[in-house]
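Naming: A, B, ... by sequence-line order, numbering from 1 per chain. What you see is a predicted model; the values in this text were computed from it and never measured.
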Amino acid sequence: MIEICDVHKSFGDLEVLKGIDLEVKKGEVVSVIGGSGSGKSTLLYCINGIEDIQQGKIVVDEVDVHAKATNQDRLRQKLGMVFQQWNSFPHLTVLENAALAPRIVLKKSKKEATEVARQELTHVGLGDKFDEYPSRMSGGQQQRLAIARALAMKPDYMLFDEVTSALDPELVGEVLDTLRMLRDDGMTMICVTHEIGFAREVSDKVAFFHQGIIEEIGSPEQVISNPCQETTRKFLSKVLH
Amino acid sequence: MDYVFHWNIVFAKMPQLLHGAFVTLHVSVLSMLLGIVIAVLLAIARMSDSKKISLPATIWVEIARNTPALFHIYMAYFGLGAFGIHLSPYFAVLSALVFVNAGYLTETFRGGFQSIPPTQYHASKSLGMTSMQAYMYIILPQMFRRIYHPMTNQFVWSILMSSLGILVGMNELSGETQRLQSLSFRTLEFFIVAAVMYFIITRFVLFAASLIAGRVFRGDV
Ligand SMILES: Nc1ncnc2c1ncn2[C@@H]1O[C@H](COP(=O)(O)OP(=O)(O)O)[C@@H](O)[C@H]1O
Ligand SMILES: [Mg+2]
């Protein structure tokens, strides 16, 4: 379970998160929607400890992410993250991309690491690309590689930060299909997304971010179909045309 | 145009010339290795937010890049001599080359490092890697292949510039050639052979470098 309590986060004088409360239970899919600059990415970075926070608390499976005693490198092993830019490692083959962290972080043998990498890559439909270099693949394939690379660590949670926003429209579908598949596998996920239709379809909960606070949160029916806040309605009418 | 070439005199001195070539290679390899170590430290210093740390590194880089290498050799040999510090010709040339190599390589390293998007580091960390692992496996390998060619160029530069050792009586290839030709007066022959040897040394270095690159660097960046 991920518990986020009254989190405040500033960059210098700029307060980006102004008191965020959010709970994500095991097996839940939570979508985060909202305008650009509202702090959605920052929240994900805070959850996996890449960014620190000024106030409040984020607890993952009883471990306080930002406590001094916490080994954040170890904590990140169970928090997979995929970014808007896929960030493939360009000097490694597809298989090496996915096998590296299991080998050096989880200390698996080369054989075991390769095996788990093969499985995850096949799972996301890259079973015929093991020896390819990422730069020779489409954005959609690279994004699926990023997902498989994170899954090879056998994380308990996956954080997705607008993973389809940088893709050509015709490639969005294959990545969303991969996310649907993960949901069906029972993965616990936080998806920051602009794909409102997708959020409505897969989410247990939708949170609408506005200027550093959660303006509205609830089931997809509540937040997307019948929003009660004016700002939510405005945002939705903009992204849904 | 009735110059008659006498190559036998040159070939008779081949052992000395080869020794000179060895010293040339020796001093340039060492100047690269030391230059790289110092350049890594200077590059880190230059990227520091603290002016106190970055300024000395900047001054080093600017002097090294904007003044003639010959002056650095003279400074090391005659300049320090004036203060009672007497370097051998070998160490005078070595320290001058190290000084310049470090200056140029600092900028190469800094540029290479800054050309790796910070998101590569974030992606590594998000997979649970320690900072050390992220640098070892992700950042440095990519950086290294970007700076590889500027580095081999610097190596070739060191080989050629070590010929300035001739001016302080160092026994590297040029100094040795100078000494031998003055004994025999076959100036042209000796310098032609020396030029060919320089050419072979630099081609060899470039060839070895591309061989290593082909083995180590796969994929695209
Ligand atoms: N590293 C940073 N340093 C300074 N400001 C930042 C940094 N990262 C994000 N911000 C600022 O924080 C605000 C929220 O950014 P972000 O979380 O990326 O928004 P979103 O993902 O919702 O578009 C923006 O105003 C952005 O400019
Ligand atoms: Mg964002």
Side-chain angles (χ1 to χ4, degrees), chain A residues 41 44-45 47-51 71-107 117 131-137 142 145-146 148-155 157-161 166, chain B residues 36 40 43 47-51 54 105 108-153 208-221:
Chain A
S41 300
L44 295 189
Y45 279 116
I47 292 174
N48 81 355
I50 287 179
E51 292 286 358
N71 180 342
Q72 291 188 336
D73 293 326
R74 167 149 304 171
L75 187 74
R76 285 189 199 106
Q77 293 172 17
K78 61 166 143 188
L79 289 163
M81 181 154 179
V82 182
F83 305 79
Q84 180 173 345
Q85 282 302 334
W86 29 91
N87 301 325
S88 318
F89 301 139
H91 58 302
L92 301 177
T93 63
V94 167
L95 190 60
E96 290 166 344
N97 260 272
L100 179 65
R103 187 162 60 78
I104 66 173
V105 176
L106 300 179
K107 315 280 184 222
D131 297 323
E132 198 68 87
Y133 281 94
S135 61
R136 302 172 64 106
M137 303 200 306
Q142 292 198 53
L145 165 59
R149 186 173 71 183
L151 290 175
M153 291 296 289
K154 300 291 176 201
Y157 305 91
M158 287 291 290
L159 313 176
F160 293 99
D161 189 6
Chain B
I36 287 170
V40 168
M47 290 188 284
S48 163
D49 292 329
S50 154
K51 199 103 198 154
S54 68
L105 291 171
T108 306
F109 289 170
R110 194 168 67 118
F113 186 76
Q114 288 174 343
S115 75
I116 310 293
T119 49
Q120 287 280 309
Y121 181 75
H122 289 152
S124 312
K125 293 292 280 183
S126 77
L127 288 167
M129 291 186 209
T130 62
S131 299
M132 187 76 166
Q133 288 171 328
Y135 279 101
M136 280 280 297
Y137 292 97
I138 306 300
I139 308 293
L140 292 181
Q142 289 183 64
M143 176 180 140
F144 192 56
R145 72 179 62 192
R146 286 182 200 197
I147 63 174
Y148 196 69
H149 282 291
M151 261 172 58
T152 49
N153 288 344
S210 71
L211 213 62
I212 295 171
R215 292 213 146 225
V216 177
F217 303 148
R218 304 152 303 129
D220 314 285
V221 175

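The heavy-atom pair separating A:P90 from B:Q142 by the smallest distance is CG-OE1, 3.2 Å. Minimum heavy-atom separation, A:S88 to B:Q120: O-NE2, 2.9 Å.
Residues A:R149 and B:L127 form a side-chain contact, since some pair of their non-hydrogen atoms from C-beta on lies under 4.5 Å apart. Using a 4.5 Å heavy-atom threshold, the side chains of A:D73 and B:Q133 count as separate. Counting heavy atoms from C-beta on, the side chains of B:T119 and A:Q85 never come closer than 4.5 Å.
A:H91 contributes no side-chain N or O that, together with a main-chain N or O of B:R145, makes up a donor-acceptor pair within less than 3.5 Å.
The parts of A:M81 that come within reach of chain B are both its backbone and its side chain, each placing non-hydrogen atoms under 4.5 angstrom from that chain. For A:I104, the parts lying near chain B are the backbone and the side chain together; criterion is any non-hydrogen pair under 4.5 Å. Contact of A:F89 with chain B is made through backbone and side chain together, with heavy-atom distances under 4.5 Å.
Remark: B:Y121 pairs with B:Y135 by the ring-ring contact (aromatic ring centres under 6.0 Å, His included) rule, at least two apart or across chains.
Atom-to-atom distance recorded for B:S126:OG and A:N87:CG is 8.0 Å, nearest 0.5 angstrom. Put simply, CE on B:M129 and CD on A:Q77 are 11.0 Å apart, with the number rounded to the nearest 0.5 Å.
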Test log, rule side-chain contact (heavy atoms from CB on, under 4.5 Å), inputs A:L100 and B:I138: CA-CA 10 Å; A:L100 179 65; B:I138 306 300; 3.6 Å; yes
